[in-house]
Amino acid sequence: MIHYRTPAEIELIRKSALLVGEAIASACALIKPGITTMQLNAQVEDFILKHGAVPSFKNYKSYPYATCISVNDAVVHGFPTNEPLKEGDVVSIDAGVYLNGYHGDSAYTFLLKGDTPEAVKKLLKVTKESLYLGIQKAMHGSRVGDISYAIQQFTEKENGYGVVRELVGHGIGRNLHEDPQVPNFGKRGTGAKLKDGTVIAIEPMINLGTKDVFHDKDGWTVRTSDRQPSAHFEHTVAVKKSKADILSSFEAIEAAEKANEYLELIN
Ligand code: MF3
Ligand code: CO
């Protein structure tokens, strides 16, 4: 069942979603070779708690951390680890915030400066662009498949990347995962109709090589089968009459990325 949220509910989801962006930005400022993803996780978790909110992911279906941090061939749901980051690493930070009874969910992929092939920079750029192409379709009267198609067309058809099939975007609100599912692949004009008040998390997970993935032995971390890098960007978005309202924001994250001398700029 799809929930249609009132303007007041949407403002509460926006509050949660904006806090996610600020929490990720605070961790972004710490990224450099030598720091561990466990330290980045601690930063995000402390930030969320200090702002009177709760990390949505911790204990969700027994997931043990406040964030998913997925490095290089890890696609999503990466466990934070005590392994130090290195030059050239691709680091995706995904977090959720629960505040005032509503969740917000957002993710961003960073690239540490290093001897990085242009192909990896382009993967991040195209994945981020595909998120906005999907968002453009999130308006009253379109269907979920319109979003899916826009993302798949650009990433797979036009750029030859692998679109992960096993994991999808989702409705979000009182629960972290609600109906409808929002795949990053599919046919135009199919799937659930989007109406004013539908709130969804759109989250392309795009692989440089094969679309195929496997689960790591930790039971959560999803990795590319060919061990090539993967990128993940996610916004929480409200469907409105004539266009999508992006409830999360990359503004703080992009400012922190720009200010961090260890990070490659991808836009
Ligand atoms: N953004 C991810 C998703 O929507 C969140 C990870 S779920 C958790 O699937 F289980 F790790 F919390
Ligand atoms: Co999500």
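- Residue Phe233 holds its CZ atom at 8.5 Å from CG of Leu131, rounded to the nearest 0.5 Å.
- A distance-only check finds a donor-acceptor pair linking the side chain of Asn41 to the backbone of Thr67 [under 3.5 Å].
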Exercise for the section: Decide yes or no on side-chain contact (heavy atoms from CB on, under 4.5 Å) for Asn184 and Val164, but give the supporting numbers first. Expected result: CA-CA 8 Å; Asn184 300 304; Val164 176; over 6 Å; no

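- Counting only N and O atoms by type, the side chains of Ser56 and His103 include a donor and acceptor under 3.5 Å apart.
- Side-chain N or O atoms of Asp218 include one that pairs as donor or acceptor with a backbone N or O of Thr221 at under 3.5 Å.
- Using a 4.5 Å cut-off on side-chain heavy atoms (C-beta onward), Tyr63 and Phe79 make contact.
- Here the CD atom belonging to Glu9 is positioned 12.0 Å from the CG atom belonging to Asn100, to the nearest 0.5 angstrom.
- Closest heavy-atom contact between Ser16 and Gly104: CB-N, 3.5 Å.
- Not one N or O on the side chain of Asp245 forms a donor-acceptor pair closer than 3.5 Å with the backbone of Val237.
- Contact check for Ile10 versus Leu247: side-chain heavy atoms found under the 4.5 Å cut-off.
- Around atom CD of Glu264, more than 12 heavy atoms belonging to other residues, nucleotides or ligands sit under 6.0 Å away.
- Cluster membership for Met205 and Ile93, using ILVMFWY side-chain heavy atoms within less than 4.5 angstrom, is not shared.
- Follow the hydrophobic side-chain contacts under 4.5 Å out from Leu167 and you never reach Tyr149; the two are in separate clusters.
- Side-chain N or O atoms of Glu178 include one that pairs as donor or acceptor with a backbone N or O of Arg174 at under 3.5 Å.
- Smallest separation of non-hydrogen atoms from Pro183 and Gln181: CD-O, 3.5 Å.
- In this structure, the side chain of Ser92 does not engage the main chain of Ile69 through any donor-acceptor pair within 3.5 Å.
- Placement of Val168 and Val239 within a single hydrophobic cluster is found when ILVMFWY residues are connected by side-chain heavy-atom separations under 4.5 Å, directly or transitively.
- Between Leu111 and Lys121, the closest side-chain pair of non-hydrogen atoms falls below 4.5 Å.
- Taking all atoms of both residues into account, the shortest heavy-atom contact from Gln43 to Ser26 is NE2-OG, 3.0 Å.
- Here the NZ atom belonging to Lys243 is positioned 10.5 Å from the CD atom belonging to Gln136, to the nearest 0.5 angstrom.
- For the atom pair Asn159 CG and Leu208 CG, the distance stands at 10.5 Å (nearest 0.5 Å).
- At a cut-off of 3.5 Å, with distance as the only test, no side-chain donor of Glu234 or Ser106 sits close to an acceptor on the other residue.
- Screening Val76, Val222, Asp73 for a side chain to side chain contact (heavy atoms under 4.5 Å, CB included) involving Val213 leaves a single residue, Val222.
- The main-chain N or O of Thr236 is found under 3.5 Å from a side-chain atom of Ser248 such that the two form a donor-acceptor pair.
- Using a 3.5 Å distance cut-off with no hydrogens or angles, the side chains of Asp105 and His170 do pair a donor with an acceptor.
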Practice task
Step by step, work out the ring-ring contact (aromatic ring centres under 6.0 Å, His included) result for Tyr65 and Phe57.
Solution key: CA-CA 7 Å; Tyr65 301 103; Phe57 298 178; over 10 Å; no

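- Checking side-chain atoms of Ser70 against main-chain N and O of Gly78 turns up a donor-acceptor pair under 3.5 Å.
- Note: the hydrophobic cluster containing Ile253 also contains Leu124 (ILVMFWY, side chain heavy atoms under 4.5 Å, direct or indirect links).
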Handout entry: Verdict with supporting geometry, Glu11 and Lys15, salt bridge (Lys or Arg N to Asp or Glu O under 4.0 Å)
Key = CA-CA 6 Å; Glu11 290 320 304; Lys15 267 196 134 184; over 6 Å; no

Problem - Stepwise side chain to side chain donor-acceptor pair (under 3.5 Å) check, Asp226 with Thr210 - result: CA-CA 6 Å; Asp226 61 8; Thr210 180; 5.2 Å; no

Practice task
For side-chain contact (heavy atoms from CB on, under 4.5 Å), just list the numbers for Gln39 and Leu30, CA-CA rounded to whole Å, side-chain angles, deciding distance to a tenth of an Å, and then say yes or no.
Solution key: CA-CA 9 Å; Gln39 289 172 289; Leu30 306 180; over 6 Å; no

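- Other residues, nucleotides and ligands place no more than 12 heavy atoms under 6.0 Å from the NZ atom of Lys32.
- Applying the salt bridge (charged side-chain N to carboxylate O under 4.0 Å, His left out) rule to pairs touching residues 134-163 yields Glu156-Arg165, sequence neighbours excluded.
- Counting non-hydrogen atoms of neighbouring residues, nucleotides and ligands closer than 6.0 angstrom, the CD atom of Glu251 reaches no more than 12 such neighbours.
- Under the 4.5 Å side-chain criterion, counting only non-hydrogen atoms from C-beta, Lys58 is in contact with Glu45.
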Exercise for the section: Test side-chain contact (heavy atoms from CB on, under 4.5 Å) on Val90 and Phe110 and set out the steps. Expected result: CA-CA 6 Å; Val90 176; Phe110 302 94; over 6 Å; no

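- Considering only heavy atoms from C-beta on, Thr109 stays 4.5 Å or farther from Val91 through its side chain.
- Taken together through direct or relayed side-chain contacts under 4.5 Å among Ile, Leu, Val, Met, Phe, Trp and Tyr, Ile172 and Ile151 form parts of separate hydrophobic clusters.
- When side chains are defined from C-beta on, Phe185 does not count as touching Ser148, because their heavy atoms never get closer than 4.5 Å.
- The shortest distance between side-chain heavy atoms of Leu99 and Val54 does not fall below 4.5 Å.
- Counting only distance, with no hydrogens or angles, the side chain of Asn175 and the backbone of His177 share no donor-acceptor pair below 3.5 Å.
- Atom OG of residue Ser230 and atom CD1 of residue Ile206 lie 7.5 Å apart, to the nearest 0.5 angstrom.
- By the 30° and 60° cut-offs, the orientation of the rings of His235 relative to Tyr132 is perpendicular.
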Could you pull out all donor-acceptor pairs under 3.5 Å where a side-chain atom in residues 194-202 meets a protein atom, sequence neighbours excluded?
residue: Thr198; atom: OG1; partner: Lys195; partner atom: N; Å: 3.2
residue: Thr198; atom: OG1; partner: Lys195; partner atom: O; Å: 2.6

Practice task
Decide yes or no on side-chain contact (heavy atoms from CB on, under 4.5 Å) for Leu112 and Ile31, but give the supporting numbers first.
Solution key: CA-CA 8 Å; Leu112 275 80; Ile31 298 178; 3.6 Å; yes

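- Side chain of Thr127 to main chain of Leu123: a donor-acceptor pair is present (N/O by atom type, distance under 3.5 Å, no hydrogens or angles).
- To the nearest 0.5 Å, atom CD1 of residue Ile246 and atom NZ of residue Lys240 are 11.5 Å apart.
- The two residues Lys128 and Tyr108 make their nearest non-hydrogen contact at NZ-OH, 2.8 Å.
- When all heavy atoms of Val44 and Ala27 are compared, the pair lying nearest together is CG2-CB, 3.6 Å.
- Between the side chain of Thr190 and the backbone N or O of Gly186, no donor-acceptor pair lies under 3.5 Å.
- Using a 3.5 Å distance cut-off with no hydrogens or angles, the side chains of Glu203 and His232 do pair a donor with an acceptor.
- Residues Glu254 and Lys258 are not paired through a salt bridge, judged by the lack of any N-O separation under 4.0 Å between the basic side chain and the carboxylate.
- Counting heavy atoms from C-beta on, the side chains of Glu257 and Leu265 come closer than 4.5 Å.
- Minimum heavy-atom separation, Gln228 to Thr224: O-OG1, 2.7 Å.
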